[in-house]
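Keep in mind that what you see is a predicted model, and the values were worked out from it rather than measured. Any value given below was found using the heavy atoms of this structure, including those in side chains, with hydrogens, waters and symmetry copies removed.
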Amino acid sequence: MAFSRLSSRFASLCLLLAIASPCLLTSAQFPVPSTYDGLVYGADVSERQPVLLEAFLDLTCPSCQAAWPVLRHVAKFYGTKRLRFVVHLFSNAFHHNSYFASQATNAVAAINGSLAFPWIDAVFHAQADLSLSATWHKTPEQVAAQLARLAEERLGIAEESFKAKFVDPNVEWSTRIAFKYGCSRAVVATPTFLVNGVLVPRATEEWTIYDWRALIDPLLPPPVLAADTRSPRKLALE
């Protein structure tokens with residue numbers, strides 16, 4: 001009898017979960033962005049490249065800083081015809097200024113999309129100045145002002161223009177969406193890499209250009225040989 005009651009309760013629980021699951025999933029749905037998340041290297045979205053490399057990066061993360069020069073090399077080596085390189089901003093909660101760094105990146109991209117990657121270079125170069133130990137005594141407003149000065153010094157963006165975009169609701173919303181997108185792809189650490197939509201867990205900040213080539217080269221289509229325009233008779237004589 002006890003077993004029967006237990007089975008009945010278990011069946012009821014399963015039925016309740018089956019009914020509630022769609023509601024839970026619906027409530028957990030975050031807004032779908034108007035465009036695919038991320039900053040695209042070369043910003044050429046008109047062509048379809050054979051390989052998609054996505055990097056989830058925290059600009060205040062030392063491991064991401066270490067990985068960045070090689071990622072830049074990879075993007076330049078393959079070019080925008082063969083590789084689509086996309087950076088997704090993912091702010092780790094334990095890096096105190098990470099969210100502001102991501103929001104600043106979106107602000108720069110909103111001002112001039114071609115400056116997004118030079119800005120990432122600049123933030124990684126100044127990463128030590130954005131660490132918790134370097135800014136623990138600063139208010140959020142002071143950290144934002146520090147980023148504004150960096151944008152003016154490294155990119156020539158006027159501080160007032162930067163500050164106006166930094167507090168733009170659309171920029172702040174894009175920063176939130178980027179983090180939520182990373183969560184939807186089960187990103188829990190940075191850097192995290194996907195190639196053609198597939199997680200590459202063995203890829204780390206220690207990978208060299210040769211490690212990336214070993215992964216990417218086999219995915220590229222074979223080169224198309226130019227057609228031989230010589231006549232069959234000429235070919236036969238050679």
Side-chain angles (χ1 to χ4, degrees), residues 33 35-92 94-95 98 101-102 104-106 108-109 113-128 130-131 154-155 174-175 177-225:
T35 59
Y36 189 69
D37 177 73
L39 303 166
V40 182
Y41 178 80
D44 183 3
V45 296
S46 62
E47 297 185 16
R48 181 178 176 85
Q49 296 86 349
V51 176
L52 169 64
L53 169 59
E54 297 175 271
F56 291 82
L57 304 178
D58 176 342
L59 302 191
T60 60
C61 167
S63 295
C64 295
Q65 181 193 47
W68 184 243
V70 174
L71 291 173
R72 273 287 225 166
H73 189 183
V74 169
K76 184 177 181 180
F77 175 80
Y78 286 106
T80 57
K81 300 292 185 183
R82 297 188 294 171
L83 179 74
R84 182 177 176 86
F85 176 44
V86 180
V87 171
H88 300 285
L89 301 170
F90 189 80
S91 303
N92 289 301
F94 44 84
H95 290 143
S98 177
S102 294
T105 305
N106 285 324
V108 168
S114 66
L115 294 178
F117 279 74
W119 169 252
I120 294 175
D121 293 337
V123 176
F124 277 136
H125 182 76
Q127 190 183 84
L130 293 169
S131 67
R154 296 295 299 270
L155 304 179
S174 297
T175 309
I177 289 296
F179 173 76
K180 292 182 177 183
Y181 176 71
C183 293
S184 76
R185 300 304 299 271
V187 174
V188 296
T190 55
T192 291
F193 304 105
L194 278 69
V195 172
N196 286 347
V198 177
L199 178 67
V200 187
R202 68 181 188 275
T204 71
E205 68 274 12
E206 297 179 356
W207 266 30
T208 66
I209 181 68
Y210 304 106
D211 294 312
W212 283 110
R213 286 198 61 184
L215 175 63
I216 295 173
D217 283 1
L219 303 177
L220 294 170
V224 178
L225 299 178

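- R82 places no side-chain N or O within donor-acceptor distance of the main-chain N or O of D217, the cut-off being under 3.5 Å.
- We find the CG-CG distance between L83 and L52 to be 8.0 Å, quoted to the nearest 0.5 Å.
- Side-chain atoms of H95 and C61, non-hydrogen and from C-beta on, do get closer than 4.5 Å to each other.
- A side-chain donor from one of S98 and D58 sits under 3.5 Å from a side-chain acceptor of the other.
- The closest donor-acceptor contact from the side chain of W119 to the backbone of N106 lies at 3.5 Å or more, if one exists at all.
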Between F179 and L89, is the side chain to side chain contact (heavy atoms under 4.5 Å, CB included) condition met? List the steps. CA-CA 7 Å; F179 173 76; L89 301 170; over 6 Å; no
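- Using a 30° and 60° split on the angle between ring planes, Y36 and H88 fall in the perpendicular class, above 60°.
- In terms of heavy atoms, F56 sits closest to G182 at CE2-CA, 3.7 Å.
- No side-chain donor-acceptor contact under 3.5 Å links S131 to the backbone of Q127.
- Aromatic ring pairs are classed by plane angle as parallel below 30°, tilted from 30° to 60° and perpendicular above 60°; the pair F117 and W68 is parallel.
- Checking side-chain atoms of Q49 against main-chain N and O of T80 turns up a donor-acceptor pair under 3.5 Å.
- You'll find the side chain of L220 reaches within 4.5 Å of the side chain of Y78, heavy atoms only.
- Residues R154 and V108 form no side-chain contact, since every pair of their non-hydrogen atoms from C-beta on lies 4.5 Å or further apart.
- The two residues S102 and T175 come nearest to each other via the heavy atoms CB-CG2, 3.8 Å.
- For the pair L71/W212, a side-chain contact is recorded, criterion being any heavy-atom separation below 4.5 Å from C-beta on.
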Could you walk me through whether V74 and I216 pass the side chain to side chain contact (heavy atoms under 4.5 Å, CB included) check? CA-CA 10 Å; V74 169; I216 295 173; 4.1 Å; yes
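- Of all the heavy atoms in P69 and A66, the pair that sits closest is CD-O, 3.5 Å.
- Counting only heavy atoms from C-beta outward, the side chains of I120 and L39 approach each other to under 4.5 Å.
- Under a cut-off of 6.0 angstrom, the local environment of OH in Y210 is sparse, with at most 12 non-hydrogen atoms contributed by other residues, nucleotides or ligands.
- In terms of heavy atoms, T60 sits closest to A101 at CG2-CB, 4.2 Å.
- Taking both residues in full, the closest heavy atoms of P118 and S114 are given as CD-O, 3.5 Å, listed atom of the first, atom of the second, then distance.
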For V198 and V195, what are the C-alpha separation, side-chain angles and deciding distance, and is it a side chain to side chain contact (heavy atoms under 4.5 Å, CB included)? CA-CA 5 Å; V198 177; V195 172; 5.8 Å; no
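- Scanning all heavy atoms of the two residues, the minimum distance from W207 to A203 falls at CE2-CA, 3.5 Å.
- If you take CZ on R72 and CZ on F85, they are separated by 8.5 Å, rounding to the nearest 0.5 Å.
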